[in-house]
There are 2 protein chains.
Amino acid sequence: MKKQHISNEIRKLRFLNDEMTQQQLADEVGVTRQTIVAIEKGKYPPTLEISFRIAAVFSLPLEEVFQYHPENDEFKKRKSDKSCR
Amino acid sequence: MKKQHISNEIRKLRFLNDEMTQQQLADEVGVTRQTIVAIEKGKYPPTLEISFRIAAVFSLPLEEVFQYHPENDEFKKRKSDKSCR
DNA sequence: TACAAATGTAAAGTATTTTTTACATCACGC
DNA sequence: GCGTGATGTAAAAAATACTTTACATTTGTA
């Protein structure tokens with residue numbers, strides 16, 4: 001029932017960033033290592049708050065850490081495509 | 001115990017976007033109106049997945065819909081400021 | 001006035017995220 | 001070989017996001 005609509009670069013970024021360990025990242029973000037493991041492996045989508053914190057640790061915009069793939073999302077195709085501004 | 005680290009432009013965007021109602025947005029996002037109300041008022045931070053869906057409805061990048069304010073976050077000041085690339 | 005549509009609030013229940021605890025494996029250096 | 005640090009996995013408990021239901025308020029309009 002759950003495809004993967006959100007991918008992330010966390011593991012890659014950890015290594016680019018001084019070989020940071022899961023535990024270090026967890027500490028910086030303020031969560032447990034388990035949470036990092038689960039998010040890193042895409043076990044479940046994190047809270048927006050934690051997502052922002054992770055991106056902040058890497059000094060990157062959120063969307064360079066997490067990517068949304070609407071094509072895998074059951075709520076993909078909007079009938080009306082009104083965009084804003 | 002909970003400051004507001006994340007603000008959003010949802011209400012503003014609803015009106016800019018064809019005067020979309022909470023219910024309409026909820027339907028497009030695939031959640032209930034209650035969820036939209038709660039997120040709109042910042043009652044709790046949404047899941048990253050729902051955040052991405054909301055941004056998709058407005059055809060905007062996530063960070064133009066949700067803004068992170070680390071200065072209000074207890075996990076604000078990183079001691080080491082290693083940035084990535 | 002009366003009715004309908006949009007919004008605000010609240011409370012109880014369900015689902016999901018996060019923590020806590022625990023153990024197993026692998027690689028490294030001593 | 002032994003110990004230590006990093007990672008993988010798992011399962012139950014705690015916390016929190018989300019739903020469902022319900023009702024009150026406001027605004028517009030017939």
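The chains referred to below are lettered A, B, ... by the order of the sequence lines, with proteins before strands, and numbering in each begins at 1. No hydrogens, no waters, no symmetry mates; every other heavy atom, side chains included, goes into these values.
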- Whole Å only: how far is the CD atom of Q23(A) from the P atom of dT20(C)? 12 Å
- Nucleotide dG8(D), atom C1' - distance to CD1 of I36(A) in whole Å: 15 Å
- Give a yes or no on whether the backbone of Q23(A) and the side-chain of R33(A) come within a donor-acceptor separation of less than 3.5 Å. no
- Task: Name the closest nucleotide to the I39(A) side chain, picking from dT7(D), dT18(C), dA17(D).
- Result: dT18(C)
- Ignoring backbone atoms, test whether T32(A) places a side-chain nitrogen or oxygen under 4.0 Å from the OP1 or OP2 oxygen of dT19(C). yes
- Query: T47(A) side chain N/O closer than 4.0 Å to the phosphate oxygens (OP1, OP2) of dT18(C)?
  - Reply: yes
- Any donor-acceptor pair under 3.5 Å linking the side chain of E64(A) with the backbone of P61(A)? no
- Task: Could you tell me the separation between the CG atom of L48(A) and the C1' atom of dT16(C), rounded to a whole number of Å?
- Result: 16 Å
- Item | For atom CZ of R53(A) and atom P of dT17(C), their distance in whole Å | 17 Å
- Check the distance between dA17(D)'s P and F66(B)'s CZ and give it to me in whole angstrom. 13 Å
- Is a side-chain N or O of N8(A) found less than 3.5 angstrom from the main chain of I39(A), in a donor-acceptor match? yes
- V37(B), nearest nucleotide to its side chain (from dT7(C), dT19(D), dT9(C)): dT9(C)
- Task: From the options dA6(C), dT7(D), dG8(D), select the nucleotide whose nearest atom is closest to the side chain of K41(A).
- Result: dG8(D)
- Quick one: is dG8(C) close enough that its OP1 or OP2 comes under 4.0 Å of any side-chain N or O from R11(B)? yes
- Task: Whole angstrom is fine here: how far is it from CD1 in I6(A) over to P in dT16(C)?
- Result: 15 Å
- Tested for side chain to side chain contact (heavy atoms under 4.5 Å, CB included) against I36(A), the lone hit among T21(A), D27(A), I50(A), L25(A) is L25(A)
- OP1 or OP2 of dT18(C) under 4.0 Å from side-chain N/O of R33(A): no
- hbond_proxy Q34(B) side chain to dT9(C) base (donor-acceptor, 3.5 Å cutoff): yes
- Query: E28(B) and F58(B): side-chain contact (heavy atoms from CB on, under 4.5 Å), yes or no, with the steps?
  - Reply: CA-CA 10 Å; E28(B) 297 238 30; F58(B) 295 126; over 6 Å; no
- Take atom CD of Q22(A) and atom P of dT18(C), then tell me their distance rounded to the nearest Å. 16 Å
- Task: Using only side-chain N and O atoms of K43(A), determine if any of them is under 4.0 Å from OP1 or OP2 of dA10(D).
- Result: no
- Item | Separation of dG5(D) P from Q24(A) CD (nearest whole Å) | 13 Å
